[in-house]
Amino acid sequence: MTEVERKFLVTSEDFKLEATNQFQIVQGFLNTHPERTVRIRVNGDIGYITVKGLSSDSGASRYEWEQEIPIQEAQDLLRLCETPLLEKTRHEIPFGTVIFEVDEFKGDNDGLIVAEVELTKESDHFEKPDWLGDEVTGQIKYYNSQLVKNPYKSWWFN
């Protein structure tokens, strides 16, 4: 299945006033190769394994396969993942015809807030809320798999 997703920085915490759901997520990567990633995620009491392929030239589309797995298996697999694990709070915000997923990162990525919107095709038009900032779709440093290797806090020194 091809996932189409655009990613943006968030300019304020106003999105929290519009959020309808909030989840605590812990995830790790068994593989962070640029052409394929294998992610393990625990979202509340649900576990997932996800495989993602190489992004399109725009960075908005790529192959994604995801399967729910038992929570205990996900927790066991997290122990095999590259370190550190990534922790974040995800907020879901319906806006117009789409749902934005806003991730507030923790730990070494504290201070980074990124919004994602899934679309059916790259050319889909959608309304943008006032708190949505610069688009970072396709900028590899914002990929979760790269935030493990090169966390946000290290950007201030480069």
Side-chain angles (χ1 to χ4, degrees), residues 1-10 12-56 59-95 98-120 129 131-133 135-155:
M1 167 183 199
T2 300
E3 172 191 51
V4 179
E5 180 178 82
R6 290 179 58 190
K7 194 176 284 199
F8 299 83
L9 296 178
V10 174
S12 77
E13 293 193 4
D14 290 349
F15 69 89
K16 291 180 180 180
L17 301 172
E18 303 168 37
T20 56
N21 288 311
Q22 178 178 304
F23 310 97
Q24 301 303 313
I25 295 174
V26 176
Q27 66 187 37
F29 292 88
L30 294 169
N31 183 359
T32 55
H33 190 280
E35 293 183 11
R36 74 198 68 78
T37 60
V38 180
R39 177 184 73 201
I40 304 299
R41 175 180 282 174
V42 171
N43 184 351
D45 60 354
I46 302 173
Y48 297 93
I49 183 169
T50 307
V51 178
K52 293 189 178 198
L54 186 63
S55 295
S56 63
S61 300
R62 64 179 167 171
Y63 175 81
E64 178 182 275
W65 174 86
E66 184 170 75
Q67 184 70 42
E68 187 174 324
I69 60 175
I71 187 68
Q72 187 59 54
E73 289 180 17
Q75 290 169 338
D76 291 344
L77 287 168
L78 281 174
R79 288 194 271 285
L80 299 176
C81 288
E82 299 174 17
T83 56
L85 297 178
L86 201 63
E87 296 184 53
K88 59 188 178 180
T89 301
R90 171 163 289 170
H91 306 267
E92 289 182 347
I93 300 102
F95 193 85
V98 298
I99 296 176
F100 286 91
E101 295 178 334
V102 177
D103 290 339
E104 284 186 284
F105 291 88
K106 300 177 183 179
D108 288 346
N109 291 294
D110 189 49
L112 179 61
I113 305 174
V114 176
E116 299 175 349
V117 60
E118 288 195 20
L119 306 167
T120 55
W131 43 261
L132 206 63
E135 184 165 4
V136 295
T137 302
Q139 293 184 35
I140 293 172
K141 72 180 185 177
Y142 291 101
Y143 287 15
N144 286 323
S145 60
Q146 297 306 303
L147 290 171
V148 170
K149 294 177 173 185
N150 185 22
Y152 184 63
K153 78 170 191 176
S154 69
W155 300 0

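Computed from a prediction, not measured in an experiment: that's the story for all the values here. In this chain, residues are counted from 1 in sequence order.
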Subject >> Check against side chain to side chain contact (heavy atoms under 4.5 Å, CB included), L85 and F29 >> reply: CA-CA 8 Å; L85 297 178; F29 292 88; over 6 Å; no
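- Residues V102 and I113 meet the side-chain proximity criterion, which asks for heavy atoms closer than 4.5 Å.
- Nearest heavy atom pair, residue A60 against residue S56, reads N-OG, 3.6 Å.
- Between R36 and R62 there is no side-chain heavy-atom pair separated by less than 4.5 Å.
- At least one test fails for R90 against the ring of F105: distance under 6.0 Å to the centre or angle within 45° of the axis.
- V117 and F8 get closest at one heavy-atom pair: CG1-CE1, 4.3 Å.
- A distance of 11.0 Å separates CD in E68 from OG1 in T50, rounded to the nearest 0.5 Å.
- Enclosure of atom CG in L54 by more than 12 non-hydrogen atoms of other residues, nucleotides or ligands within 6.0 angstrom is indicated.
- Between atom CD of residue Q75 and atom CD of residue Q72 there is a gap of 5.0 Å, rounded to the nearest 0.5 Å.
- Note: I99 CD1 to T20 OG1 = 7.0 Å, rounded to the nearest 0.5 Å.
- Residues Q24 and K88 form no side-chain contact, since every pair of their non-hydrogen atoms from C-beta on lies 4.5 Å or further apart.
- In this structure, OG1 on T89 lies 5.5 Å from CD on Q22, to the nearest 0.5 angstrom.
- Salt bridge status for K52 with E3: present, with a side-chain N to carboxylate O gap under 4.0 Å.
- Between the side chains of Y143 and T32, no donor-acceptor pair is found at a separation under 3.5 Å.
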**OP:** I would like to know whether L9 and Y142 meet side chain to side chain contact (heavy atoms under 4.5 Å, CB included); could you show each step before the answer?
**Re:** CA-CA 10 Å; L9 296 178; Y142 291 101; 3.5 Å; yes
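- The aromatic ring centroids of Y48 and W65 lie 6.0 Å or more from each other.
- Between F100 and W131, a ring centre-to-centre spacing shorter than 6.0 Å is recorded.
- Residues T83 and V148 fail the side-chain proximity criterion, which asks for heavy atoms closer than 4.5 Å.
- Across all their heavy atoms, W155 and N150 have their closest contact at NE1-O, 3.1 Å.
- With rounding to the nearest 0.5 Å, the separation of CD1 in I25 from CG in N144 is 9.0 Å.
- With sequence neighbours left out, V38 forms a side-chain contact (heavy atoms from CB on, under 4.5 Å) with L30, N31, I49, V51.
- Within the 3.5 Å criterion, the main-chain N or O of V114 finds no donor-acceptor partner in the side chain of D103.
- Among residues two or more places apart in sequence or in another chain, the salt bridge (charged side-chain N to carboxylate O under 4.0 Å, His left out) test is passed with R6 by E135.
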**OP:** Report the C-alpha separation of L80 and L78 in whole Å, then their side-chain angles, then the decisive distance to 0.1 Å, and conclude whether the side chain to side chain contact (heavy atoms under 4.5 Å, CB included) test is met.
**Re:** CA-CA 5 Å; L80 299 176; L78 281 174; over 6 Å; no
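- Residue Y152 comes nearest to N109 through the heavy atom pair N-OD1, 2.7 Å, listed as atom of the first residue, atom of the second, then distance.
- Distance CG/L86 to CZ/R41: 9.0 Å, rounded to 0.5 Å.
- Residues D108 and L147 form no side-chain contact, since every pair of their non-hydrogen atoms from C-beta on lies 4.5 Å or further apart.
- The shortest non-hydrogen separation linking V42 to I71 is CG1-CD1, 3.5 Å.
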Subject >> CA sep, side-chain torsions, deciding dist, call: E18, E92, side chain to side chain contact (heavy atoms under 4.5 Å, CB included) >> reply: CA-CA 8 Å; E18 303 168 37; E92 289 182 347; over 6 Å; no
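- Looking at R39 and E82, no side-chain N of the basic residue comes within less than 4.0 Å of a carboxylate O on the acidic one, giving no salt bridge.
- A 4.5 Å side-chain heavy-atom check between L17 and F15 finds every atom pair outside the cut-off.
- Nearest heavy-atom pair across I40 and C81 is CG1-SG, 4.0 Å.
- Among H91, E116, K7, the single residue meeting the side-chain contact (heavy atoms from CB on, under 4.5 Å) criterion with E101 is E116.
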